[in-house]
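Just so you know, these numbers use all the heavy atoms, side chains as well, and skip hydrogens, waters and symmetry mates. In the text below, chain A, chain B and the rest are named by the order of the sequence lines, each starting its count at 1.
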Amino acid sequence: MTTPQSTAPRAKGGNSKIIRYRGVIKRFGSFTALNGVDLDVHAGEVVCLIGPSGSGKSTLLRCTNGLETIDGGEIEFEGALLPKDERALRAMRARMGMVFQSFELFPHLTAQQNVAEGPRTVQKVSLAEANRRAVAMLAKVGLADKAANYPSALSGGQQQRVAIARALAMEPDVMLFDEPTSALDPETIGEVLNVMKALAEEGMTMVVVTHEMTFARRVGDWVAVFDTGRIIEQGPPTQIFDAPTTERTRDFLSHLGWSG
Amino acid sequence: MTLDWSVVWQHREALVAATGTTILLTIATMAIAVPCGLMVAALRLYAWAPVRTLATAYVELFRNLPLILVVFWAFYVLPIWTGLGLSPLATGLAALALNVTAYNAETFRAGLNSIRRGQVEAAMALGMSRTQALRRVIVPQALRRVLPVLASTWVSLFKDTSLVSVIAVTELAYVAMQVRAQTFRVLEMLTAMAAIYWLLGYPQAKLVDWIQRKYRVTE
């Protein structure tokens with residue numbers, strides 16, 4: 001069984017694949033969450049994973065940095081298979097930033113301490129260097145003035161921007177976003193998407209699980225449509241949104257009120 | 001019946017010293033039982049299975065024995081086991097610490113369990129090891145959450161130190177009872193003892209209330 005795959009050339013990254021998924025299988029008990037997923041993420045690309053809830057998009061993202069272990073197939077990151085060894089896996093994770101749907105900021109630390117925590121604890125940089133990075137990253141997401149605030153004193157959109165800054169402070173090669181705007185009030189979704197868009201324009205490689213079709217369409221370089229643990233269609237956004245080749249993609253998009 | 005309150009004043013020095021011992025016992029017990037309780041809780045949650053069972057057995061044993069029994073047990077059995085001639089104060093401290101450590105372990109276990117899984121994942125996604133995630137992210141949050149419970153345990157402990165009077169530790173209850181036995185001024189001494197416990201205990205209880213308000217979980 002082959003997945004309809006676009007023959008469209010990839011706009012970015014040439015042949016340098018940063019992440020390569022081949023036949024990825026993930027089971028939770030008797031439930032098969034991923035049933036043979038093939039996907040490439042090229043350097044500098046924004047790859048958007050879309051599809052109905054429970055179709056496996058988030059699971060694939062969580063397998064990417066080893067928060068979930070796969071039951072079959074393989075995932076390569078920068079030319080090497082995800083290591084089994086705990087220490088090597090941690091080193092690889094440190095090169096992938098991850099942003100969660102529910103932010104998961106550390107509530108006992110200020111915004112600045114949250115951002116400085118990774119460099120400080122994992123990369124063992126000096127306190128001065130960690131703070132310098134934290135200040136720079138908070139400025140980058142437009143929150144320089146909130147450095148001393150605790151997460152509980154920030155809006156959802158602000159918390160998510162701090163979470164993005166926290167991931168960026170590790171100076172990752174790729175950013176993984178797991179439905180970063182799904183838990184936000186409509187009026188704060190825009191500020192998070194703008195930060196992500198600016199990041200994409202800087203050339204950051206990004207894998208984004210999202211229900212924001214406008215973002216996938218405008219910012220995405222490649223879109224993969226998931227359904228029941230498989231990618232049913234993938235290609236450049238113009239193809240997916242304007243000329244989807246499968247009935248199920250059309251169904252999914254029409255349920256979201258997407259009219260092309 | 002005539003009351004003679006001068007008996008309290010006459011024994012003020014002994015009572016003040018005894019009150020000092022009560023406070024010292026409380027502080028020393030907590031100084032042992034907080035780190036040990038955290039360690040036992042961590043062992044119960046994360047250690048190798050046989051160690052986990054051992055930690056559970058310890059908690060369930062000491063949590064379900066009357067404290068006064070543990071005090072007597074420490075008095076008669078500890079010297080035989082350890083071969084040490086412990087002073088009554090050290091014996092009382094050991095008994096209290098064994099008991100309160102078990103309680104604190106349960107408190108910490110609940111606190112550690114209450115931190116949601118996403119926090120560990122966020123820490124691990126940054127590249128932290130499980131130990132680093134525990135030390136930097138989970139334990140600091142759990143400590144804040146259980147602080148009100150620890151404070152309540154503190155207030156209970158302050159009063160429960162009176163139980164070590166049965167092995168002649170010269171703390172407040174023991175000394176007050178001694179004075180009563182020598183002077184037969186029962187009502188005066190019991191009242192004085194009650195007043196001292198209450199005057200010291202009430203501000204602590206108020207402090208607990210304040211801590212519970214201040215550290216109410218906000219996310």
Please classify the contact of [X] with chain B as side chain, backbone, both or neither, using a heavy-atom distance under 4.5 Å.
X: A/M92; result: neither
X: A/R87; result: neither
X: A/F100; result: side chain
X: A/L89; result: neither

Could you check which of A/R62, A/R95, A/R93, A/Q123 has the highest count of heavy-atom pairs closer than 4.5 Å to chain B?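 Top option by heavy-atom pairs under 4.5 Å: A/R93.
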What option among A/M98, A/M96, A/E117 has the most heavy-atom pairs under 4.5 Å with chain B?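 When all of A/M98, A/M96, A/E117 are compared, A/E117 has the most.
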Return yes when atom OH of B/Y103 has more than 12 non-hydrogen atoms of other residues, nucleotides or ligands closer than 6.0 Å, and no otherwise.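 Atom OH in B/Y103 is not packed in, count stays at 12 or less.
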According to the interplanar angle, ranging from 0 to 90°, do the rings of A/F28 and A/F31 count as parallel (below 30°), tilted (30 to 60°) or perpendicular (above 60°)?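 Taking A/F31 first and then A/F28, their aromatic rings lie parallel (interplane angle under 30°).
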To the nearest 0.5 Å, what is the distance between NE2 on A/H108 and CZ on B/R145?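 With rounding to 0.5 Å, NE2 (A/H108) is 11.5 Å from CZ (B/R145).
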Non-hydrogen atoms of chain A under 4.5 Å away: do they reach the side chain of B/R144, the backbone, both or neither?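 The side chain, not the backbone.
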Given heavy-atom pairs under 4.5 angstrom as the criterion, report whether the side chain, backbone, both or neither of B/E121 touches chain A.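 Answer is both: backbone and side chain atoms of B/E121 are under 4.5 Å from chain A.
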Presence of salt bridge, A/R22 and A/E74, under 4.0 angstrom: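 The answer is no: the pair does not qualify as a salt bridge.
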Under 3.5 Å: donor-acceptor pair, side chain of A/R20, backbone of A/E76: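 No, because the side chain of A/R20 does not come within donor-acceptor range (under 3.5 Å) of the backbone of A/E76.
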Indicate yes or no: at least one non-hydrogen side-chain atom of A/I75 is less than 4.5 angstrom from one of A/L82.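 In short, these two side chains touch, coming nearer than 4.5 Å.
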